[in-house]
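Note: hydrogens, waters and symmetry copies are ignored here, and every other heavy atom, side chains too, is used. Protein chains get the first letters and strands the later ones, always in sequence-line order, with residue 1 at the start of each.
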Protein chains: 2
Amino acid sequence: MAATIRDVAKLSDVSVATVSRVINQISTVNPETQKRVKKAMEQLKYEPNLVAQGLASKKTQTIALILPNISNPFFSDIVRAVEDVAQSNGFTVILCNSDGLVSKEQSYIEVLRKKYIDGIVFASNTLRIEDIEQLKKDNISLVVLDYSSTMESCSIIRAKNREGARMAVSHLLEIGCKKIAHIYGPIGDQTAKNRLEGYEEMVHSFSWYSPTLLVPGHFTINGGFEATKMLLEKHPDVDGIFAGNDLMAVGVLKALHQMGKKIPEDLAVCGFDGIYLTEITQPELTTIAQPIYELGEKAAKILINKINGLLEEDNVYELDVTLIKRDSTIKAH
Amino acid sequence: MAATIRDVAKLSDVSVATVSRVINQISTVNPETQKRVKKAMEQLKYEPNLVAQGLASKKTQTIALILPNISNPFFSDIVRAVEDVAQSNGFTVILCNSDGLVSKEQSYIEVLRKKYIDGIVFASNTLRIEDIEQLKKDNISLVVLDYSSTMESCSIIRAKNREGARMAVSHLLEIGCKKIAHIYGPIGDQTAKNRLEGYEEMVHSFSWYSPTLLVPGHFTINGGFEATKMLLEKHPDVDGIFAGNDLMAVGVLKALHQMGKKIPEDLAVCGFDGIYLTEITQPELTTIAQPIYELGEKAAKILINKINGLLEEDNVYELDVTLIKRDSTIKAH
DNA sequence: AATTGCACTGAAACCGGTTACTTTAACTAA
DNA sequence: TTAGTTAAAGTAACCGGTTTCAGTGCAATT
């Protein structure tokens with residue numbers, strides 16, 4: 001149906017090799033010949049077949065984005081950023097929800113490899129070293145997002161989690177909190193761990209500090225909700241809560257509301273991430289905002305640079321976070 | 001590097017055709033030959049190259065999902081559903097954010113065609129008939145989501161928008177509202193139009209009804225916010241607002257809160273969609289819930305059936321909506 | 001015994017590109 | 001004049017599969 005490279009070659013009276021050269025703007029093709037070929041391409045409405053190109057060149061202009069769950073608003077912003085960058089560089093993106101399951105990731109990676117994908121943005125905490133090695137062997141570029149590790153055999157983009165946590169606690173202290181608790185994310189998740197460490201660094205020397213001020217909330221709304229109930233049972237005098245992410249902070253808010261606590265008068269709440277949800281709650285949430293879009297953008301840009309051979313070394317990029325003060329810690333005037 | 005079909009053929013001492021037959025479980029291959037081939041495949045860790053398969057068969061086991069913006073929580077649930085179904089059927093999904101721009105959609109469709117994509121789930125209101133025809137010609141299956149139109153030359157999945165709107169208004173009437181306004185979505189958007197029509201049908205015969213009770217809110221939080229301010233200036237006695245989607249309803253809540261109105265005592269609010277945001281607001285939002293995941297699921301299933309040739313005719317599927325009563329209309333006890 | 005049908009398999013064309021290698025002709029340097 | 005470049009283009013192998021068509025051997029039919 002559609003015209004092929006051979007049709008173009010025939011019509012412009014050159015070999016397919018020459019047509020291919022024109023398409024890929026390779027080496028030296030006589031300007032006049034070039035014109036003839038281009039004219040033929042137009043006449044036939046020729047468009048290179050990307051699958052054939054992929055087979056021959058082993059480059060498919062496709063990247064994949066692996067993340068736990070797109071329903072998480074943090075990730076949907078990431079997706080948007082990655083897609084934007086990909087799109088404007090002529091790449092297409094395949095989306096993969098792993099649910100944080102190694103098995104799912106495994107099977108995705110496998111099929112992606114068989115599809116000659118050019119690179120992967122990996123926004124998940126479950127990447128294994130073997131996988132990294134395997135991908136390298138298959139010449140699939142890799143950028144890891146929101147991941148901490150001492151091992152750095154690949155490029156990593158993340159926000160300053162520990163520093164952000166310190167900022168959060170420091171803000172709570174500033175507004176006068178006398179006993180600050182922390183609700184933390186999944187153990188095993190490096191991001192959650194770094195935030196917890198930041199909290200600990202700030203509070204461990206206070207006389208009121210006790211490890212029982214640490215409660216797990218699994219990075220979910222409901223987790224934050226349950227954690228708050230548990231926490232206030234043990235420590236009714238807590239007057240500040242630093243939640244390890246915004247979703248849990250929402251849960252905190254819900255719980256406090258249900259318990260009839262006033263925010264921020266009785267208890268101040270600070271989240272982490274800066275997803276748009278924080279503007280929707282009542283009161284609006286103070287949070288440590290990551291530059292979410294920029295994280296995704298940077299990850300995609302670096303990945304594409306690697307794919308295009310413009311970047312060799314593997315670096316760790318740590319983006320700054322910012323404290324956004326809202327009504328959950330200070331009443332705006 | 002990796003083993004090819006010819007390696008397998010050589011090792012198992014058959015032709016590549018036979019190996020291909022084993023791979024695709026086609027026709028009759030002698031069980032013993034089959035065993036030999038399979039053993040060779042295992043020995044060589046052979047995995048068919050999907051790009052080559054795609055080129056030869058013009059089937060790539062890939063579908064695309066075109067939607068306005070993944071950041072919209074409604075769509076992120078859709079994505080999740082589509083991806084789940086695709087995944088479990090051996091398909092991979094390419095995500096395309098169109099921002100509702102015909103130009104972007106156009107360029108996506110073009111590149112998708114060149115990639116031999118098998119089908120498209122189109123979750124946007126801007127589809128043009130020419131595109132539908134073109135896709136048909138290229139043998140690319142199509143399912144349209146959340147789209148209304150008299151033209152039905154393709155399969156359409158949507159919720160009962162008009163009926164849902166009627167349910168919303170009817171609920172507001174039941175709880176005693178005496179003057180109900182409607183904030184509607186973008187003109188030109190069929191979904192928004194149908195909801196508006198449902199509202200009108202329910203209220204046009206009341207003496208209090210006036211077309212000025214209709215205010216545009218663009219399906220965004222901020223749009224709902226502005227609309228509410230405008231509305232209450234003109235109609236301070238409105239005591240019920242039906243927002244055309246949940247995002248606008250959130251905006252309504254924010255505006256009312258700012259104006260010091262009590263919800264639902266002074267004003268009752270009902271949204272539409274049933275995104276999880278409605279459980280996060282204070283008060284929680286009454287809404288007409290669409291079965292969002294099911295919409296995406298159904299769309300993907302139908303698409304894949306069409307791709308696999310199991311489904312020929314084009315149907316319109318209308319899924320039921322349900323009223324979820326929450327504190328923005330009735331105080332729970 | 002000749003014919004037909006069927007199960008099984010192979011040869012080779014094909015999908016639509018890329019690219020290593022070669023050839024040709026014109027151009028430069030010695 | 002002659003060898004050495006170089007720009008421009010062609011030939012054909014190659015990427016790794018699918019599929020059409022043809023052929024073989026053997027059992028069933030007449």
Side-chain angles (χ1 to χ4, degrees), chain A residues 1-38 40-41 44-62 90 111 113-118 138-139 309, chain B residues 1-38 40-41 44-62 90 111 113-118 138-139 309:
Chain A
M1 205 80 347
T4 74
I5 199 173
R6 287 166 227 275
D7 299 329
V8 176
K10 201 164 292 173
L11 181 60
S12 47
D13 201 33
V14 297
S15 71
V16 292
T18 300
V19 178
S20 177
R21 288 183 188 113
V22 172
I23 294 169
N24 298 300
Q25 308 172 31
I26 273 176
S27 75
T28 46
V29 177
N30 185 304
E32 301 217 352
T33 313
Q34 209 166 121
K35 242 179 229 166
R36 242 180 33 247
V37 172
K38 280 186 177 161
M41 299 204 304
L44 297 173
K45 287 187 186 150
Y46 169 76
E47 310 248 302
N49 178 317
L50 297 180
V51 179
Q53 263 181 343
L55 177 59
S57 69
K58 297 186 193 302
K59 292 277 166 209
T60 52
Q61 299 288 107
T62 307
V111 60
R113 211 181 50 227
K114 291 196 254 174
K115 285 201 174 183
Y116 278 167
I117 215 127
D118 298 329
D138 292 328
N139 191 29
Chain B
M1 207 80 341
T4 74
I5 198 172
R6 286 166 227 273
D7 298 329
V8 176
K10 201 164 291 172
L11 181 60
S12 48
D13 201 31
V14 297
S15 69
V16 291
T18 299
V19 178
S20 177
R21 288 185 188 110
V22 172
I23 294 170
N24 298 299
Q25 308 173 29
I26 273 177
S27 75
T28 45
V29 177
N30 184 304
E32 301 217 350
T33 313
Q34 211 167 119
K35 242 179 228 167
R36 243 183 28 251
V37 171
K38 280 185 176 162
M41 300 203 303
L44 297 172
K45 289 189 184 147
Y46 168 76
E47 309 248 303
N49 178 317
L50 297 180
V51 179
Q53 263 183 341
L55 178 58
S57 68
K58 297 187 194 300
K59 293 275 167 209
T60 53
Q61 299 290 103
T62 307
V111 61
R113 211 181 50 228
K114 293 196 253 175
K115 286 201 173 183
Y116 279 167
I117 213 126
D118 298 330
D138 292 327
N139 192 30

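- B:Val19 comes within contact range of no nucleotide atom at all, as no heavy-atom separation falls under 4.0 Å.
- Among the heavy atoms of the strands, none lies under 4.0 Å from A:Val51.
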Restricting both atoms to N or O, compile the protein contacts to nucleotides 20-25 of chain D shorter than 3.5 Å, with distance only.
none

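- The two atoms that bring B:Lys59 and B:Asn139 nearest to each other are NZ-ND2, 3.8 Å, heavy atoms only.
- Checking A:Lys58, A:Lys115, A:Arg113 one by one against A:Asp138, the salt bridge (charged side-chain N to carboxylate O under 4.0 Å, His left out) holds for a single residue, A:Arg113.
- For the pair B:Val22/B:Arg36, no side-chain contact is recorded, criterion being any heavy-atom separation below 4.5 Å from C-beta on.
- Residues B:Leu50 and B:Thr60 form no side-chain contact, since every pair of their non-hydrogen atoms from C-beta on lies 4.5 Å or further apart.
- Within residues 54-61 of chain A, the residues approaching DNA chain D are A:Leu55, A:Ala56, A:Lys58, by heavy-atom distance under 4.0 Å.
- For D:dT18, the OP1/OP2 oxygens have a side-chain nitrogen or oxygen of B:Asn24 closer than 4.0 Å.
- Put simply, NZ on A:Lys35 is 14 Å from P on D:dA8, counting in whole angstrom units.
- Separating the CG atom of A:Asp13 from the P atom of D:dA8 is a distance of 18 Å, rounded to the nearest angstrom.
- Across the interface with DNA chain D, nearest-nucleotide mapping of A:Ser15 and B:Ile5 shows A:Ser15 to be the residue nearer the 5′ end.
- For A:Val16, whose side chain is taken as the heavy atoms from C-beta onward, the closest listed nucleotide among C:dG16, C:dC8, D:dA12 is D:dA12.
- The distance from atom CD1 of B:Ile23 to atom C1' of D:dT18 is 10 Å, rounded to the nearest whole Å.
- When heavy atoms are screened at a 4.0 angstrom cut-off, A:Ser20 is found touching base atoms of the nucleic acid.
- Within a 6.0 Å sphere centred on NZ of B:Lys10, other residues, nucleotides and ligands contribute 12 heavy atoms or fewer.
- A heavy-atom distance below 4.5 Å is found between the side chains of A:Val14 and A:Val19.
- An OP1 or OP2 oxygen of D:dG17 is reached within less than 4.0 angstrom by a side-chain nitrogen or oxygen of B:Tyr46.
- At the heavy-atom level, B:Glu47 lies under 4.0 Å from the strands shown only through sugar-phosphate atoms.
- We find that CD of A:Gln25 is positioned 15 Å from C1' of C:dT18, with the value rounded to whole Å.
- Within a 6.0 Å radius of NZ in A:Lys38, no more than 12 heavy atoms belonging to other residues, nucleotides or ligands are found.
- Distances from the side chain of A:Thr33 to the nucleotides C:dA12, D:dA8, D:dG16 place D:dA8 closest.
- Contact annotation: A:Gln53 reaches the phosphate of C:dT18 (side-chain N/O to OP1 or OP2, under 4.0 Å).
- Side-chain contact between A:Thr62 and A:Tyr116 is absent, with no heavy-atom pair separated by less than 4.5 Å.
- Under the 4.5 Å side-chain criterion, counting only non-hydrogen atoms from C-beta, A:Met41 is in contact with A:Ile23.
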